[in-house]
Amino acid sequence: MRYSQAFIPTLREVPSEAQIPSHQLMLRSGMIRQVAAGVYSFLPLGYRVVKKVIAILQEEMDRIGGQEFHLPALNPIEIWEATDRVAAMGDVLFRLENRRNLVLAPTHEEIITYHARQHIKSYKELPQIWYQIQTKFRNEPRPRSGVLRGRQFLMKDSYSLDATWEGLDQSYQKHYEAYHRIFSRAGLRFFVVGASSGAMGGSASQEFMVESPYGEDTCALCDHCGYAANLEVATSALSPVPRLDPSPPLELFPTPHAKTINDLIEQFGVPEERCAKSVVYIVNSQPVLILMRGNDELNEEKLAAALQTTQFRPAEPEEIEDIFGAAPGSIGPIDVPDSVRILADTLLRETNGLISGANKDGYHYKNIDLVRDVGIIEYFDLRTVREHEPCPQCQQPLRIVRAIEIGHIFKLGTKYSEALGATILLEDGSEQPIIMGSYGIGVERIIACYIEQNHDDKGIVWNPALAPYDLSLIGINVHKDSAVRDIAEKLYEQLQQANFSVLFDDRSASAGIKFNDADLLGFPLQLIVGPRTLKEQTVEIKIRRSGERLHVPLDAVISTVQEQYHKLSEAEI
RNA sequence: CGGGGCGUAGCGUAGUCCGGUUAGCGCGCCUGCUUUGGGAGCAGGAGGUCGCAGGUUCGAAUCCUGCCGCCCCGACCA
């Protein structure tokens, strides 16, 4: 491609809406332009990167036996009602209501299961891995960070169909390995965490994560043993609050100025871990009292897992007054109405000597014994892990980091096959729903994360794997200096014959503009043809990542480019 | 959906508080000449419904009301 003919609208200044480096650089390098919040056009340069990512995805999915589909983005709403996901997804699901009710698919479990139901009848036809790379639509309440969270985005989604749970394990493992290869080939530094399966349903789930301050997820990591978990499910090795023996007697005491756990600690000198914080949630319109140790933070994802529902919310202060007869700062587990279900974090399991509200304004109880004084308590892991707590595997301190999710693998089980009636006959003649897995990779996120990890103050630093072009061929004064022009044109031809994709900067712009644009676009190699080096019958090769410059005799240019390019490609893997 | 910020030419912005020439500047763009190894110089030029609608006023980018859009924080996130 000749630069003079190319549509690559680079920007010298950073558009004010872009806050993070990848967004700024994708705009500045002319890869993308915004059309609306969370909606972007990929311009030719950016789309070349998309296509390279897609090629990697296809190769690695094909390698594990995946078969590529192209499923429709327009789905009849009925199929989404059948799995109850119209309600589950709420406003995130785009709906079209002219003539026939349709939705824009945010994911494709339903359609995949629909086809499986149509045609898969026997265990003999399994396993299958079906995938596609397609545009997904999700009406995100808050798109952000450029293409990192869009309302329309490209996803590689795949689905495994198995007859047995062991088969699912194998399909899941294949994806795990394929995902490792994909992200490694893309040049990303990433890690894998155990994750919540959320509203998708199903059992095991892991997320592939890129550490970044701009991430929307938080993970607990152990640098010592490699433990890694999304904070939604992370645990630590903290010891439960030990029982006192003998159990001291229950005692009501006035606490007129204590509204919070910290007030109790400051005013009465009680140890934090002996305080039981009471939190009230309304779960399916029923009140639930949740006891947490001290100032431990309730984790709503864990609560959802414990309750097996996401239909809950914190109670309003007025509701708490109505139910407990006391303000939120004075409630506790003693003398609660029978209708209130009581949950407690496992750190409080069957312990005693606790201080908590008395359900009477201005009073607390001390020496509460959860076994002696409180009715039925259900114990669950409900707390949010904090920085420096001991790793659950090796007791070394945990690190808490922000991360961007680039891939997610799920053991779905039979949720969708049951809802849509996708069943098979087994060897013994019995009928059983197909056992499914679901696996996703965000294409734009790979690109944005790559740029987050590979840029400098001049621009992007592409590796061969994702680079939109292999190299920039820069002709200095091409339009005036016929010697430069002839050599550059000749190299342009030869490089293309040697199968390199080349952006030939044949513009009449000054050298500085060309150098800066080349650094901004950041192709792995720059080949600089100018009168200065041509006097010595050489041209210059600049390696973008290292900044290293080689002066190469004219007859050795192609072979040196091949050699350097090969080196850069090797370095990635 | 709650909180905050912003909306002036392709990009970045001044002016808005305190209404008053023809809305200013840098970059980019067009023409000409001179330049050309890290974002050239000179000269000339084009480009604006000041987000939209209504209101106040002799007069509105500026004040008031409503709406729309974008960004950030939070909630949400299969």
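Because the structure is a prediction, the values reported are computed rather than measured. Below, chain A is the first sequence line, B the second, and so on; all start at residue 1.
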N/O (side chain, Ser16(A)) to phosphate O (OP1/OP2, U13(B)) under 4.0 Å:
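So the side-chain polar atoms of Ser16(A) do come within 4.0 Å of the phosphate oxygens OP1 or OP2 of U13(B), strictly under.
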
Between G69(B) and Gln34(A), is there an OP1 or OP2 to side-chain N/O distance shorter than 4.0 Å?
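So the side-chain polar atoms of Gln34(A) never come under 4.0 Å of the phosphate oxygens OP1 or OP2 of G69(B).
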
Under 3.5 Å, N/O pairs linking protein and nucleotides 29-34 of chain B:
none

Quote, to the nearest angstrom, the [atom1] distance that separates [N] from [M].
N      : M      : atom1 : value
G4(B)  : G48(B) : C1'   : 29 Å
U31(B) : G47(B) : C1'   : 15 Å
C50(B) : G19(B) : C1'   : 15 Å
U65(B) : A46(B) : P     : 39 Å

In terms of side-chain heavy atoms, does Glu300(A) have a donor or acceptor partner in Tyr281(A) at a distance below 3.5 Å?
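Their side chains do contain a donor-acceptor pair, which is all the 3.5 Å distance test asks for.
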
Check: Trp462(A) side chain, Leu521(A) main-chain N or O, donor-acceptor pair, under 3.5 Å
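Side chain of Trp462(A) to backbone of Leu521(A), a donor-acceptor pair under 3.5 Å: yes, one is there.
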
In terms of the nearest nucleotide of RNA chain B, which residue is placed more toward the 5' end: Arg151(A) or Thr10(A)?
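The 5'-side residue here is Thr10(A).
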
Starting at the 5' end of RNA chain B, which residue's closest nucleotide do you reach first, Arg507(A) or Met155(A)?
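Its nearest nucleotide lies further toward 5', so the answer is Arg507(A).
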
Of all of residues 515-522 of chain A, which get a heavy atom below 4.0 angstrom from RNA chain B, listed by number?
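Only Phe515(A), Asn516(A), Asp517(A), Asp519(A) qualify.
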
Could you list, one pair per line, each protein nitrogen or oxygen that sits under 3.5 Å from a nitrogen or oxygen of nucleotides 26-28 of chain B, together with the distance?
from   : atom 1 : to       : atom 2 : distance (Å)
G26(B) : N2     : Glu13(A) : OE1    : 2.6

Taking the side chain of Ala36(A) as its heavy atoms from C-beta onward, which of C70(B), G39(B), G38(B) lies nearest to it?
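Looking only at side-chain atoms, Ala36(A) lies closest to C70(B).
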
Grab the N/O contacts between the protein and nucleotides 72-75 of chain B below 3.5 Å, and write none if there aren't any.
from   : atom 1 : to        : atom 2 : distance (Å)
C72(B) : OP1    : Ser145(A) : N      : 3.3
C73(B) : OP2    : Arg142(A) : NH2    : 2.2
G74(B) : N7     : Arg142(A) : NH1    : 3.3

Tell me the side chain to side chain donor-acceptor pair (under 3.5 Å) pairs involving residues 537-547 of chain A, sequence neighbours left out?
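Side chain to side chain donor-acceptor pair (under 3.5 Å) check on residues 537-547 of chain A returns Tyr450(A)-Arg545(A), Asn454(A)-Arg545(A), Asp456(A)-Arg544(A), Asn463(A)-Arg545(A), Asp519(A)-Lys542(A), Glu540(A)-Arg549(A).
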
Passing candidate, ring pair (Phe, Tyr, Trp, His ring centres under 6.0 Å) with Tyr439(A), options His108(A), His175(A), His408(A):
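Of His108(A), His175(A), His408(A), ring pair (Phe, Tyr, Trp, His ring centres under 6.0 Å) with Tyr439(A) is met by His175(A) alone.
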
Return the polar atom pairs (N/O with N/O) between nucleotides 42-51 of chain B and the protein under 3.5 Å, or none.
none

